[in-house]
Each structure stands twice: as C-alpha cells, then as structure tokens.
Amino acid sequence: GTFQTVTTCPECEGAGKIIKEKCPQCKGEGRVKEEERVTISIPAGVRDGELIEVAGKGEAGKKAAASGNLYVRIHVKPHPHLIRHNDDVLYKAHVDFTLAALGGKIQVPTLYGAESLTLSPGIQSGEKITLRGKGLPKLSAWGKGDQIVEISINVPRHLSRKAKDLLRELQDEL
C-alpha cells in the first residue's frame, strides 16, 4: 500500500513564504530575546494566590504573530498583627484583667491606622467587637469588610503578696 503524510513545511513553518535574506538578529524567526519591565496595577483586596492577566506582555509570537499574555500570581505578605479572613481582618487584643473588669479604652491597629476602642466593664475573654468597614476592600463588589477584635484577657502568672491579698479581698466582695 501507499502511505501519505501531511506536515507543516519546516522552512516556512506554514507561513507560505520563505525568507531569502534572514535578519542576523532574529535569524528569520521574527522575534529576538529581550527583557522588559512591566508595571502592573494590583487592585486593593486581591487575595493570596490570585492571578492577574496582562494582555500582550507575554511571550512574543513567531513570525510577527501577536504576543501572548503575561500571568502574574500574587503572593500577599502576612500582616504582623492582623489575620485575613476573606474581606474581614481579625485582631486579638490582649488586655489586663483589671481593664477587662473595670472597662476602659484601648488602641487597636487597623489597616487604616490606630483606632480607639472602648471596652465595657466586665468584658469576657473571647468576646468579639466589630469595627464596620475597617477590613479589606471587596474585590468584586462595593465596600469594605470589617475588622473583628477578639478580646483575650491576660492573667498574671506571678503576684506579689499584697496583690494576692487584694485579690482575695475582692473575691470575698464578689
């Protein structure tokens, strides 16, 4: 029997034209290796691992074909005090037990600067206070997430004799 195969021309690579005098830089390929700095606009609220597409800034096409797209994977550096949860951020506020019992003001860091927060007397460890609109901008919607402040009460490990006597006296009052 007879076999027949159809392949792309190795000389013109299917372009239908053969270049007689090839460019010394590209050797007729139509592209040269070059590096380019690209400025990318990263939207507020982007999450770790997301991709940003930059049209026309990828690999150059062969024989004057259009360039491909560049895809940039985002890696978000964690904040030293705030934990991200979708568009909300969580902050664990460590307060002394006297401040928790008596109430008062504390300063909490937010993405937009320090915020004064008033604690009501008798606040319990684990209680959460929501600061509306102090989270991250919503990427595909309008508005911002919230910041949740979780109260964690610090209990001293070592007390002086006087402090122990005062706490026993307080315990008798309760």
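In this structure the side chain of Ile83 never reaches within 4.5 angstrom of the side chain of Lys92, judged on heavy atoms. In this structure, the side chains of Leu119 and Ile129 come closer than 4.5 Å at one or more pairs of heavy atoms. Using a 4.5 Å heavy-atom threshold, the side chains of Phe97 and Pro156 count as touching. Within the 4.5 Å cutoff, the side chain of Asp87 has heavy atoms near those of the Arg47 side chain. Looking at Val108 and Leu131, their side chains come closer than 4.5 Å, going by heavy atoms from C-beta outward.
Between Ile153 atom CD1 and Glu127 atom CD the span is 8.0 Å, to the nearest 0.5 Å. Between atom CG of residue Leu90 and atom CG of residue Asp146 there is a gap of 12.0 Å, rounded to the nearest 0.5 Å. To the nearest 0.5 Å, the span separating CD on Gln147 from NZ on Lys128 amounts to 13.0 Å. Taken to the nearest 0.5 Å, the CG atom of Asn154 stands 10.0 Å off from the OG1 atom of Thr98. In this structure, NZ in Lys138 is found 9.5 Å from CG in Asn86, a value given to the nearest 0.5 Å. The CD1 atom of Ile42 sits 4.0 Å away from the CD1 atom of Ile74 when rounded to the nearest 0.5 Å.
Two different hydrophobic clusters hold Tyr71 and Leu139 under the rule that ILVMFWY side chains link at heavy-atom gaps under 4.5 Å. Leu136 and Ile148 fall into different hydrophobic clusters, defined by Ile, Leu, Val, Met, Phe, Trp and Tyr side-chain heavy atoms under 4.5 Å apart, directly or through other members. In this structure, Ile123 is a member of the same hydrophobic cluster as Ile106, with clusters built from ILVMFWY side-chain heavy atoms closer than 4.5 Å. Linking Ile, Leu, Val, Met, Phe, Trp and Tyr whenever their side-chain heavy atoms come within less than 4.5 Å puts Leu167 and Val95 in one cluster. Hydrophobic clustering (side-chain heavy atoms under 4.5 Å, transitive across Ile, Leu, Val, Met, Phe, Trp, Tyr) keeps Val46 apart from Val89.
Shortest non-hydrogen contact noted between Ser125 and Ser152 is OG-CA, 3.8 Å.
Ion pairing of Asp165 with Arg168 is present here, as a side-chain N (NZ or NE/NH1/NH2) and a carboxylate O approach within less than 4.0 Å.
Partners of Lys57 under the side chain to side chain contact (heavy atoms under 4.5 Å, CB included) rule, at least two apart in sequence or in another chain, are Glu36, Val38, Val54, Leu70. Ser116 is linked by a side chain to side chain contact (heavy atoms under 4.5 Å, CB included) to Lys105, Gln107, counting only residues two or more places apart in sequence or in another chain.
Under a cutoff of 6.0 Å and an axis angle of 45°, Lys144 and Tyr112 form a cation-pi pair.
Here the side chain of Asn69 pairs a donor or acceptor atom with the backbone of Gly56 at under 3.5 angstrom. Here the side chain of Gln124 pairs a donor or acceptor atom with the backbone of Gly122 at under 3.5 angstrom. Proximity of a side-chain donor or acceptor of Asp48 to a complementary backbone N or O of Val76 within less than 3.5 Å is detected.
Heavy-atom neighbours of His79 NE2 from other residues, nucleotides or ligands within 6.0 Å: above the threshold of 12.
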